[in-house]
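Values in this document were obtained by computation on a predicted structure and should not be read as measured data. Counting starts at 1 for both ligands and their atoms, in listed order.
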Amino acid sequence: MEKREQLYEGKAKKVYATDDSQMVIVSYKDDATAFNGQKKGTIAGKGVVNNRVSNFLMQMLTESGVPTHYIRELNDRETLVKKVEIIPLEVIIRNISAGSFAKRYGVDEGIVFAQPTIEFSYKNDDLGDPLINEYHAIALNLAGPNEIARITDMAFHINEVLKAYFATINVELVDFKLEFGRVMGDYIVLADEISPDTCRLWDAITHEKLDKDRFRRDMGGEVEAYNEIMYRIFGEKC
Ligand code: TMP
């Protein structure tokens with residue numbers, strides 16, 4: 001597989017073309033941003049942790065019947081994935097109140113819901129990723145009704161698989177964000193990443209935060225937190 005020109009640089013990843021028009025290489029950076037890029041920093045080793053953790057979870061999801069963009073890990077920071085057309089929706093599943101949910105509805109963090117919730121944000125930096133409902137997403141032509149239904153089913157299924165896995169490493173899956181893409185303008189796969197950047201992960205006993213909230217909230221200890229997740233999954237630190 002030959003790596004070719006850079007196609008795109010996002011806040012946390014770069015994307016490169018390859019000699020196969022259906023495949024791209026994703027390269028994970030240590031750069032961290034929050035609040036729509038207003039807060040910037042780096043978390044040493046984050047790119048390695050996110051690449052390896054995301055690939056591990058995507059493979060687990062593939063085995064449970066979820067189609068994903070993952071093809072193969074190339075090295076510590078780079079992965080070969082299917083080229084997709086990203087659907088401009090951030091799909092957020094929550095099991096426990098935290099973050100913008102707690103703020104919006106004026107409730108404490110840490111309330112365990114009777115059943116998981118789903119919400120969508122319109123992925124648009126200029127607008128600050130506003131919340132959007134299914135009907136608005138269809139009206140704006142971001143996705144069709146069948147796609148929204150499929151994405152919703154996939155997201156709740158992914159939640160069950162991830163929640164059960166994280167429980168085995170003594171981590172509570174509080175909430176997370178998913179992105180989906182169309183392969184060759186047709187079927188939908190899970191894309192982007194699943195990592196401590198895109199999930200809230202709390203120690204099951206102490207409720208210590210093991211995710212990007214440590215950076216967002218200036219708590220310190222973010223390198224250690226990312227490494228702790230790596231250690232619990234792989235038995236090694238990066
Ligand atoms: P929120 O509580 O700030 O809405 O975040 C919900 C989840 O989505 C949390 O696990 C962090 C993740 N997330 C992202 O991955 N990217 C984002 O841009 C935002 C705002 C949240």
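In this structure, Lys39 places its NZ atom where more than 12 heavy-atom neighbours from other residues, nucleotides or ligands lie under 6.0 Å away. Crowding of Lys83 atom NZ: a count of heavy atoms from other residues, nucleotides or ligands under 6.0 Å not exceeding 12.
Per-atom contact check: atom 20 (C) of ligand 1 does not touch the protein, criterion being a heavy-atom distance below 4.0 Å.
In the vicinity of Gly99, heavy-atom distances shorter than 4.0 Å reach the ligand 1 atoms 2 (O). For ligand 1 and Phe176, the ligand atoms under 4.0 Å from any heavy atom of the residue are 10 (O). Applying the 4.0 Å criterion to heavy atoms of Asp197 picks out, from ligand 1, the atoms 15 (O).
Each of Leu7 and Met23 belongs to its own hydrophobic cluster when Ile, Leu, Val, Met, Phe, Trp and Tyr are linked at side-chain heavy-atom distances under 4.5 angstrom.
Closest to atom 11 (C) of ligand 1, if we only count protein heavy atoms, is Arg216 NH2, 3.5 Å. Considering only non-hydrogen protein atoms, atom 18 (O) of ligand 1 sits nearest to Glu90 OE1, 3.8 Å. Summary of contacts: the protein heavy atom closest to atom 1 (P) of ligand 1 is Ser100 OG, 3.3 Å. In this structure, the protein non-hydrogen atom closest to atom 10 (O) of ligand 1 is Asp175 OD1, 2.6 Å.
Counting only non-hydrogen atoms, the option in Lys177, Arg200, Arg94, Lys123 that gets closest to atom 16 (N) of ligand 1 is Lys177.
Of the heavy atoms in Ser121, none comes closer than 4.0 Å to ligand 1. Proximity of Asp211 to ligand 1, defined as any heavy-atom pair under 4.0 Å, is not found for any part of the residue.
A salt bridge links Lys11 and Asp125; the closest N-O separation between the charged side-chain nitrogens and carboxylate oxygens is under 4.0 Å. Looking at Glu222 and Lys46, no side-chain N of the basic residue comes within less than 4.0 Å of a carboxylate O on the acidic one, giving no salt bridge. A salt bridge does not link Arg214 with Glu224: none of the charged nitrogens is closer than 4.0 Å to a carboxylate oxygen.
We find the CG-CD distance between Asn227 and Glu236 to be 10.5 Å, quoted to the nearest 0.5 Å.
Checked against the 6.0 Å centroid threshold, Phe176 and Phe166 do not count as a close aromatic pair.
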